[in-house]
Number of protein chains: 2
Amino acid sequence: MKITYKGDYALKTILDLARHYGNSPVTIHDLAKRADIPIKFLEQILLDLKRGGFVESRRGKVGGYLLAKEPSGIKLGEVIRFIEGPIEPIACVSKNYQGCNSIYNCVLREVWQWVNKATCGIIDNITFEDLLKKIEDSDCTISYQI
Amino acid sequence: MKITYKGDYALKTILDLARHYGNSPVTIHDLAKRADIPIKFLEQILLDLKRGGFVESRRGKVGGYLLAKEPSGIKLGEVIRFIEGPIEPIACVSKNYQGCNSIYNCVLREVWQWVNKATCGIIDNITFEDLLKKIEDSDCTISYQI
DNA sequence: ATAATCCCTATTGTATTAGTAGAGTATACC
DNA sequence: GGTATACTCTACTAATACAATAGGGATTAT
């Protein structure tokens, strides 16, 4: 798996919205500023996240973005897969892959499947609520401004 | 981590050479044919692998390539890092990374560090001898021709 | 000599990434 | 109803990486 800027930005944005879950909408301006994301790039990402059902939006004055589900209902893996595509390190890992005729594939493919499983085991077992808790427990919180 | 064609080819090539460890050199022609790799692309990869100390070569007639160390002395992780570069899913995982000032980084970075650790735990604990053993134990061997 | 090898650099076509640009639409508020 | 402040959507672009391809050279067994 490789995380692109887009994926990184998406996760940070959802985490920011998770912090403000239950409050009034957060403007793209604030999101962009806090996570240091080019605002026009973030626009596209938020559009994607909306289409993916992770985010809702309110237009017009006092508009902004809201998390569409509660933080405990969104796993890291879901967002990553939606933004980045398949997370496996190489295509042959996927279930329906044909063309694995050589002996080399047999044995290396198994390794990639382990790697894939290990990765999924992590990102599919962490929700954004888990991350929020982590933030509360950490020192970082002090220097963070809402 | 993401495995490119180049990395995949490199691993398959070393595995092939591991199978022939202790025998006479293997020609690039045979390597390319068995793993279905474009020969001119494989040329570059073998040049890299030679510079990396994984492979030796003999020129002239009856020349070819040989594994530079014994299969038990080469870990998957070494080859991958040499060919693909850093294996971490995102740059901020690396030790000397600065610029981790936002709270978002703190907590997400930790996740990527877990993923990285899990991946390294796999690929840095498998040698090419392990893979050879795996091949012996598997059914695939039957249809494979040396 | 010559045929079969490996050695090395440069070039190319394609796709992906990380943005930028610019026009449009909705809504709160006076 | 006008206006400022938001979100919406599509198109474009510069830079880079990827996966080869091309075309010479140099070495060695016979």
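Quick caveat: nothing in here was measured; it's all calculated off a predicted structure. A, B, ... follow the sequence lines: proteins, then strands. Residue 1 opens every chain.
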Enquirer: Where the side chain of B:Glu78 meets the backbone of B:Lys75, is there a donor-acceptor pair that is under 3.5 Å apart?
Expert: yes
Enquirer: Please report the distance, rounded to the nearest Å, between CD in B:Glu84 and P in D:dC18.
Expert: 8 Å
Enquirer: Any side-chain donor-acceptor pair under 3.5 Å between A:Ser57 and A:Lys50?
Expert: yes
Enquirer: Please confirm whether any donor atom in the side chain of A:Lys40 sits under 3.5 Å from an acceptor in the base of C:dG22, or the reverse.
Expert: yes
Enquirer: In residues 42-55 of chain B, what residues come within less than 4.0 Å of DNA chain D, judged by heavy atoms?
Expert: B:Glu43, B:Gln44
Enquirer: Roughly, in whole Å, what's the span from CG in A:Leu66 to P in D:dA6?
Expert: 14 Å
Enquirer: What are the two closest non-hydrogen atoms of A:Lys69 and A:Tyr21, and how far apart are they?
Expert: O-CE1, 3.3 Å
Enquirer: Provide, to the nearest angstrom, the distance between the NZ atom belonging to B:Lys2 and the C1' atom belonging to C:dT16.
Expert: 9 Å
Enquirer: Please report the interatomic distance CG(B:Asp8) to CD1(B:Ile3), rounded to the nearest 0.5 Å.
Expert: 7.5 Å
Enquirer: I want to confirm an ordering. Mapping A:Val26 and B:Gly7 to their closest nucleotides on DNA chain D, which one lands closer to the 5' end?
Expert: A:Val26
Enquirer: Is the distance from OP1 or OP2 of D:dA17 to the nearest side-chain N or O of B:Tyr5 less than 4.0 Å?
Expert: no
Enquirer: Answer yes or no: is there a donor N or O on one side and an acceptor on the other, between the side chain of B:Arg19 and the main chain of B:Leu132, under 3.5 Å?
Expert: no
Enquirer: Classify every nucleotide of nucleotides 25-30 of chain C by which part a protein heavy atom approaches to under 4.0 Å, writing B for the base, S for the sugar-phosphate alone and - for neither, in 5'-to-3' order.
Expert: BBBS--
Enquirer: Please check this pair: side chain of B:Arg109 against backbone of B:Cys92, looking for a donor-acceptor N/O pair closer than 3.5 Å.
Expert: yes
Enquirer: In whole angstrom, give the distance that lies between atom CG of A:Leu31 and atom P of D:dT5.
Expert: 18 Å
Enquirer: Given D:dC18, C:dA18, D:dC9, which nucleotide is nearest the side-chain atoms of B:Thr4?
Expert: D:dC18
Enquirer: With rounding to the nearest 0.5 angstrom, report the OG1 to CD1 distance, A:Thr4 to B:Ile90.
Expert: 8.0 Å
Enquirer: Following the transitive rule for hydrophobic clusters with a side-chain heavy-atom cut-off under 4.5 Å over Ile, Leu, Val, Met, Phe, Trp and Tyr, establish whether A:Ile14 and A:Leu66 coincide in one cluster.
Expert: no
Enquirer: Would you say B:Thr27 reaches C:dA4's phosphate, i.e. side-chain N/O to OP1/OP2 under 4.0 Å?
Expert: no
Enquirer: Check the distance between D:dA17's C1' and B:Ile3's CD1 and give it to me in whole angstrom.
Expert: 16 Å
Enquirer: Would you mind reading off the distance between B:Ile39 atom CD1 and C:dA4 atom P, rounded to a whole angstrom?
Expert: 13 Å
Enquirer: What's the closest nucleotide to the side chain of B:Tyr9 if the choices are D:dA20, C:dC7, D:dC7?
Expert: D:dA20
Enquirer: Report the distance from atom OH of A:Tyr65 to atom C1' of D:dT5, rounded to the nearest whole Å.
Expert: 13 Å
Enquirer: Without hydrogens or angle criteria, can the side chains of B:Thr127 and B:Asp130 be said to hold a donor-acceptor pair below 3.5 Å?
Expert: yes
Enquirer: Can you tell me the distance, in whole Å, between the CZ atom of A:Phe41 and the C1' atom of C:dT16?
Expert: 11 Å
